[in-house]
Structures are given as structure tokens and as C-alpha cells.
**Student:** 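Here you go, one structure.
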Amino acid sequence: MTSPDLTATAAWRALEAEHAELAATTLRDLFSADPGRGERLTADGVELHLDYSKNLVTDATITKLVDLAVAAGLESKIAAMFAGEHINITEDRAVLHTALRLPRDATLVVDGQDVVADVHAVLDSMSAFAEKVRSGEWTGHSGKRITTVVNIGIGGSDLGPVMAYEALRDYADRGIECRFVSNIDPTDVYETCRGLDYESTLFIVASKTFGTQETLTNARTARDWLVEAYDGDETAVVKHFVAVSTNAERVADFGIDTANMFGFWDWVGGRYSFDSAVGLSIMLSVGPDGFRQMLDGFHAMDEHFRTTPFEKNVPVLMALLNVWYNNFFGTGSHAVLPYSQYLHRFAAYLQQLTMESNGKSVRIDGTPVSERAAGGFAGQTGEIFWGEPGTNGQHAFYQLLHQGTKMTPADFIGFAVPNHDLGEMHDLLMSNFFAQTAALAFGKTADEVAADGTPAAVVPHRVMPGNRPTNTILAEKLTPSVLGQLVALYEHITFTQSVVWGINAFDQWGVELGKVMANQLAPKLSSTEKPADDSDASTNALVARYRELRGR
Ligand code: F6P
């Protein structure tokens, strides 16, 4: 893949001129000049309705943003990804999370291998296993039914499963509780296993590489806990530990029977993997049918992304709006605000998806993106994603969104039909959902504040500047399929942005140095001998203080 410098194109220059014009207007002006925009600046991606009218754009802006996507060669790059070309050039790999949700009768041969057959073979074995556990046919070593599943993994082998498990609780078998251990902090595994009935606990060790320090250490600790509980009987492990990995050899070395391993492939990136075997905990919870409904939702959004013209393509529009704010207005962060308690881990999940993907400073050809900085924010890449569910966030950080000095674009995600309809609560939730985007967009002027009888000295403090852009995503109900659509939406937003920026969204070399340095430091922390002061002066001093506090 090449990475042409888009900042040198006519499309980019046209957007610079557009920015100069739009920066001088307001959403109030745009709406009063064009009341039809509330109906018109919308798009539908499968069951997700997007209203992007409360953005600082006109139809002309959208046309220019779409021109930018065309100049970036987005169409051919989408085709290359879906076809399994090795677009992850630094690891020479295909990027085929979209193949994980292809229907059984589809065909896709990549590098000589029918990946659809492979995907469905694993889905079938996951389903058979899930049925056995859910029906009670698969028991623990002493014959007890499994009632707790502990997923041990980190990053993509944790965040997706936790997020989706929480999101789909309403569809779960409530007789099976899932817990998640990720952190190397011993507190995590300690608190998770504390009080658990070992005889009815199943551990899933999920690691693409099966070489991740945190996961293997936690898995060893959990295995020791289990074996000790069984009075040292190692044979108990086979009924209580299964693995999810691409690396059968390491799974066997660890001591898990590879008959109880569910595989996936190097063309599935960790942060794009919870719809592979990495989602085994989700399948155990919602059952094979629920899991397949989720995959169908993913696939439907894939097809929307692959086939819909850019000006009606929800992921493309949202990605281009992100580029618009990030590269022309200089906004650095992006809030994602689901008005659904079930989505309380959604922002955490998105942080890995978006920031591990697009936190890059060189283009695919190795040249620094900063070369583009001459044009202001032109050299900027990945935004900082963050968020919390509404309405909790309203009572925490929304103050800054409304009256702070920074413009922070935000995605509001809400559902018309609640999973639990308790009195008027859902209508109250959604009235906040609709009110917030209107308040952010239109604010309240000094005259309006004064007209309420506010004392003159307080008026400036109560002025709401407005002009704060938001997207609204409204769906009928949070279902497994809708969750799949939502995740695929953000996957494709992330990819589209990477194409415009000319970066590789599918490697993560930036996480390696810290791992290597931690491995070098670990023996210094635990050794009984005084270690050499061969790190930097700050680290040497901190290690010495740590050792002293630990009595070493
Ligand atoms: O350190 C980052 C990372 O490689 C992520 O990309 C990945 O999701 C996570 O670690 C866990 O990796 P694994 O599934 O191989 O244990």
C-alpha cells in the first residue's frame, strides 16, 4: 500500500478553504439558514440511524470530505482489505476480521486457504463446547456443573469479551457468571478467584500469541490455585482450563490439552478479535445463537461499509467528520457517550481499537506524518477516545464539554426501546440524551441568560457557547446484532481514518519497548543482591527506593 500525501491534493486545499468559512459560522446560523438539515444530514447503516446534522458542516463540506476519501483511494483500499491482501505491511499479514463474520456459504480463499471453512469449523467446535457447558454435560473434574467462567487475557483478549459480555447481559444464561482477569497486578487474580467454587469454575486462557507475560502469569497462578484446591491433583486441570490462541505449541507447553483449544489466525488483529474464538466467554454466556446473531450484525455493517456510496456510508461519514475536526479544527480528543448502562465498557474497548490502531507517527512508506504539519493540524493522526455512559458523565465531565475552552466532538449512542422498561426511567434517560446534543449545539446566549433574570455579574458565567459538534446514533434496541453493527461501525471508522492519514492501523510496535524494559528491570526488583545502577538516573533512584521499601 502506498501512502500519498493528501495534504498536497486539491481536495485538502478545498477543505482548508471550507474550514476558514465554517469556523466563522455557528450551528445556530447553519440551522436557521437550513432547517431541513436535521432531516437531511442523516444516514442509515443497517439498524443504526446516524444524525450528523449537529456538526459544523454543510452539504458542500460533505462533498469535499468525500472528495478527500476518493483522493485517498479509499474504495480500492476497502476492496484490498476485504480481499485479504497483506495490507498490514510491517507484519506482512492480511487483515481479515471481516472474514470472521462471513456466512457459511461465502467463499474467500486467502494465501491458498479457504478461510470461511476454517472460520466455521472453529465456530462449530466453539458452539459444541458451549452447548456442553451450558447444558451441564461438560462438568468440572469432580462432576459439578460449571457456573463461573473466568477469562484470562489482556488487551484484545480481554477488552472485547468484557465489553460484549456486559453489553449482552440481558441475553445471557444467568446460571453462568463470567469474570475477567487481565492485570499483572496480583490483586486482579486474587480478587477474581476469591470465594469462587473451584469445582464449578472454568478458566479460558485467551492469548493470540500465548506469550503475553500478564496472561501466562495469571494463568499459572489460577492453575496453582485450582490444583491446590484439588489437593495437588494435576489431572483436574484438563476439565477446568481451555485455551484460545493461534499458537498450539505454546498452549501444549503450558499444559492445556490442545483438544480443548479454540484457534484463530494471524490475520485477526488482537483488537479486532472478539468475534473470533476470543469471544468464547461471550458465547458461553449468550449461547451459540446469540453469538451468531452478533456476527450477523457485524457482517451486515461490513456489507454496508463495502457497498454503500461514501456520502451515505455511516462509517465513512463518521470517519471523515473525525478527520475534519482532528486535522482542520485541531481537536485532539473524541468522546463516546453511550446512553446505555449495558455499554459501560464500550469506551474502554474503543480506546484499544482506535488508539492502538491509529496512534502512529509515520506513514506506510515510513515517512513522518509531521511533514504535513506546515498546514496547522494537518500532520495529526489518532484522536484520544474516551467516555462514560450517560447520564453519569453529565454529572462529571460534561461541564468541560459545555463551557470549557476545548472543542471535543462527541458521539451519542442511544436506544429507543429499553431492555428493562421501569416506569418512566427510559424516557427520562432519553430526554437527557436528546437535550445534551441540543444544548451542546445551540447553547444559550448572554441575552437569553439575562432574560431569565440572571444578575449581570453572573451572566457571563451562565452563557453556554454552543457550537459543540456531536453525532447522534439511534437504534431501536440493544440486541446482539446491533452490538455487532456498532463494533463493526467503529472498526471501519478506524480503518477509514488510517487510509486518509496514510498510516498502518494494524500493527502496534509502540507497545514493545516498554515490555522489553520491564523484563530487564524485573530481576533488579526481586534480586537479593544490589543490582547495577545501569539504567537512567531517575529509574536507578526509583528502583533503589522501591527495594528499600520492600526491605531488599
Ligand atoms: O501489547 C499489546 C498487545 O499485543 C495487543 O495488541 C493485544 O491485544 C494484547 O497485547 C494481548 O496479546 P495476546 O492476545 O497475544 O496475549
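For reference, positions follow the sequence shown, starting with 1.
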**Student:** Hey, does Met318 have a side-chain heavy atom less than 4.5 Å from the side chain of Ile473?
**Tutor:** yes
**Student:** Is it true that the side chains of Asp170 and Asn419 contain a donor and an acceptor less than 3.5 Å apart?
**Tutor:**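 There is such a pair between these side chains.
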**Student:** So, for Pro288 and Ser127, which heavy atoms are closest and what is the spacing to 0.1 Å?
**Tutor:**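 So the two residues come closest at CB-OG, 3.7 Å.
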**Student:** Verify the neighbour count for atom CZ of Arg345: are there more than 12 heavy atoms of other residues, nucleotides or ligands below 6.0 Å?
**Tutor:** no
**Student:** Please report the closest heavy-atom contact between Phe415 and Leu478, naming both atoms and the distance.
**Tutor:**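 What the structure gives for the nearest pair is CD2-N, 3.5 Å.
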**Student:** Verify, without hydrogens or angle tests, whether Lys77 (side chain) and Ile87 (backbone) share a donor-acceptor contact under 3.5 angstrom.
**Tutor:** no
**Student:** If you draw a 6.0 Å radius around CZ in Arg40, do more than 12 non-hydrogen atoms from other residues or ligands fall strictly inside?
**Tutor:** yes
**Student:** Does the side chain of Leu56 reach to within under 4.5 Å of the side chain of Tyr325, using non-hydrogen atoms?
**Tutor:** yes
**Student:** Between Asp188 (side chain) and Asn183 (backbone), is there a donor-acceptor pair under 3.5 Å?
**Tutor:** yes
**Student:** If we ignore angles and hydrogens, is there a donor and acceptor under 3.5 Å between the side chains of Asn327 and Trp12?
**Tutor:**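 Result is no, nothing qualifies.
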**Student:** State whether Arg13 and Glu16 are salt-bridged, where the test is any N-O pair (Lys NZ or Arg NE/NH1/NH2 against Asp/Glu carboxylate O) under 4.0 Å.
**Tutor:** no
**Student:** Give every residue pair that meets the ring-ring contact (aromatic ring centres under 6.0 Å, His included) criterion with at least one member in residues 454-478, sequence neighbours excluded.
**Tutor:**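 Listed by first then second residue: nothing to list.
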**Student:** Compare every heavy atom of Pro480 with every heavy atom of Gln293, then report the nearest pair and how far apart it is.
**Tutor:** OE1-CG, 3.9 Å
**Student:** For the side-chain contact (heavy atoms from CB on, under 4.5 Å) test, which of Arg306, Glu491, His299, His492 pairs with Thr98?
**Tutor:** His492
**Student:** Indicate, with yes or no, if the rings of Phe412 and Tyr339 have centres closer together than 6.0 Å.
**Tutor:**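 Distance test on ring centres: under 6.0 Å, yes.
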**Student:** Heavy-atom count around Glu448 CD within 6.0 Å, excluding the residue itself: above 12?
**Tutor:** yes
**Student:** So does Glu21 pair up with Lys64, basic N to acidic O under 4.0 Å?
**Tutor:**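 Salt bridge absent between Glu21 and Lys64.
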**Student:** Just by distance, do the side chain of Asn151 and the backbone of Ser157 share a donor-acceptor pair under 3.5 Å?
**Tutor:** yes
**Student:** Search all heavy atoms of His395 against all heavy atoms of Thr391 and return the closest pair with its distance.
**Tutor:** CD2-O, 3.4 Å
**Student:** Would you say Leu483 and Leu343 make side-chain contact, with heavy atoms under 4.5 Å?
**Tutor:**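 A side-chain contact exists here, since the closest heavy-atom pair is under 4.5 Å.
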**Student:** Might you point out which heavy atoms bring Phe262 and Ala277 nearest each other, and give the distance in Å?
**Tutor:**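 Reported closest heavy-atom pair: CB-CB, 3.7 Å.
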**Student:** For a quick check under 3.5 Å, do Asp411 and His334 share a side-chain donor-acceptor pair by atom type?
**Tutor:** yes
**Student:** Keeping Lys360 on the side-chain end and Thr381 on the backbone end, is there a donor-acceptor pair under 3.5 Å?
**Tutor:** no
**Student:** Salt bridge (Lys or Arg N to Asp or Glu O under 4.0 Å) between Glu356 and Arg271: does it pass, once the steps are laid out?
**Tutor:** CA-CA 8 Å; Glu356 203 173 63; Arg271 54 193 173 272; 2.8 Å; yes
**Student:** I want to check something: taking the side chain as every heavy atom from C-beta on, are Thr63 and Glu311 in contact at a cut-off of under 4.5 Å?
**Tutor:** no
**Student:** Which atom names give the shortest non-hydrogen contact between Ala441 and Lys54, and what distance separates them?
**Tutor:**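 Answer, listing the atom of Ala441 first, then Lys54: CB-CD, 3.8 Å.
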**Student:** Measuring only between side-chain heavy atoms, which start at C-beta, is Pro469 closer than 4.5 Å to Trp324?
**Tutor:** no
**Student:** Given 3.5 Å as the limit, does a donor-acceptor pair link the side chain of Gln352 with the main chain of Gly156, or not?
**Tutor:** yes
**Student:** Do other residues, nucleotides or ligands put more than 12 heavy atoms under 6.0 Å from Lys477 NZ?
**Tutor:** yes
**Student:** Give a yes or no on this: more than 12 heavy atoms of other residues, nucleotides or ligands lie within 6.0 Å of atom CZ of Phe434.
**Tutor:** yes
**Student:** Between Asn471 and Asn55, is there a side-chain donor-acceptor contact under 3.5 Å, judged purely by atom types and distance?
**Tutor:**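 Yes, because at least one side-chain N or O of Asn55 sits under 3.5 Å from a partner of the opposite role on Asn471.
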**Student:** Taking side chain as C-beta onward, heavy atoms only, is Phe433 less than 4.5 Å from Thr472?
**Tutor:**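 Answer yes - side chains close enough.
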**Student:** Under the criterion side chain to side chain contact (heavy atoms under 4.5 Å, CB included), I'd like the reasoning laid out for Asn326 against Trp501: C-alpha separation, chi angles, the key distance, then a yes or no.
**Tutor:** CA-CA 11 Å; Asn326 188 58; Trp501 293 325; 3.3 Å; yes
**Student:** Any donor and acceptor pair, going by atom type alone, linking the side chain of Arg28 with main-chain N or O of Phe442 inside 3.5 Å?
**Tutor:** yes
**Student:** Can you tell me if Thr187 and Asp185 form a side-chain donor-acceptor pair at under 3.5 Å?
**Tutor:** yes
**Student:** Side chains of Asn358 and Gln497: do they bring a donor and an acceptor to under 3.5 Å?
**Tutor:**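 No, because no side-chain N or O of Asn358 sits under 3.5 Å from a partner of the opposite role on Gln497.
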**Student:** Looking at Arg462 and Asp452, is there a salt bridge between them, counting it only when a charged N and a carboxylate O are closer than 4.0 Å?
**Tutor:**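 Judged by the 4.0 Å cut-off on N to carboxylate O distance, Asp452 and Arg462 do not form a salt bridge.
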**Student:** Any luck finding a side-chain donor-acceptor pair between Thr215 and Asn218 under 3.5 Å?
**Tutor:** no
**Student:** Using the rule given for side chain to side chain contact (heavy atoms under 4.5 Å, CB included), can you reason through Thr58 versus Asp34, listing the C-alpha separation, both sets of side-chain angles and the distance that settles it, and then say yes or no?
**Tutor:** CA-CA 9 Å; Thr58 62; Asp34 174 18; over 6 Å; no
**Student:** Is the ring centre of Trp267 less than 6.0 Å from the ring centre of Phe506?
**Tutor:**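 So the answer is no for these two rings.
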**Student:** Step by step, work out the side chain to side chain contact (heavy atoms under 4.5 Å, CB included) result for Leu489 and His304.
**Tutor:** CA-CA 9 Å; Leu489 166 66; His304 169 82; over 6 Å; no
**Student:** Look at atom CD of Glu75 and say whether more than 12 heavy atoms of other residues, nucleotides or ligands are closer to it than 6.0 Å.
**Tutor:**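 Incorrect, the count does not exceed 12.
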**Student:** Can you spot which of Phe495, Tyr349, Phe346, Phe298 makes a ring-ring contact (aromatic ring centres under 6.0 Å, His included) with Tyr490?
**Tutor:** Phe346
**Student:** Under 3.5 Å, side chain of His426 to main-chain N/O of Ala416, donor-acceptor pair present?
**Tutor:**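 Side chain of His426 to backbone of Ala416: a pair is present.
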**Student:** Within the distance-only criterion (no hydrogens, no angle test), does the side chain of Arg37 pair as donor or acceptor with the backbone N or O of Ser53 below 3.5 angstrom?
**Tutor:** yes
**Student:** Could you check Thr408 against Arg468 for side chain to side chain contact (heavy atoms under 4.5 Å, CB included), going step by step and ending with a plain yes or no?
**Tutor:** CA-CA 7 Å; Thr408 305; Arg468 318 244 154 167; over 6 Å; no
**Student:** Classify the ring geometry of Phe82 against Phe305: parallel below 30°, tilted from 30° to 60°, perpendicular beyond 60°.
**Tutor:**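 Taking Phe305 first and then Phe82, their aromatic rings sit tilted (interplane angle of 30° to 60°).
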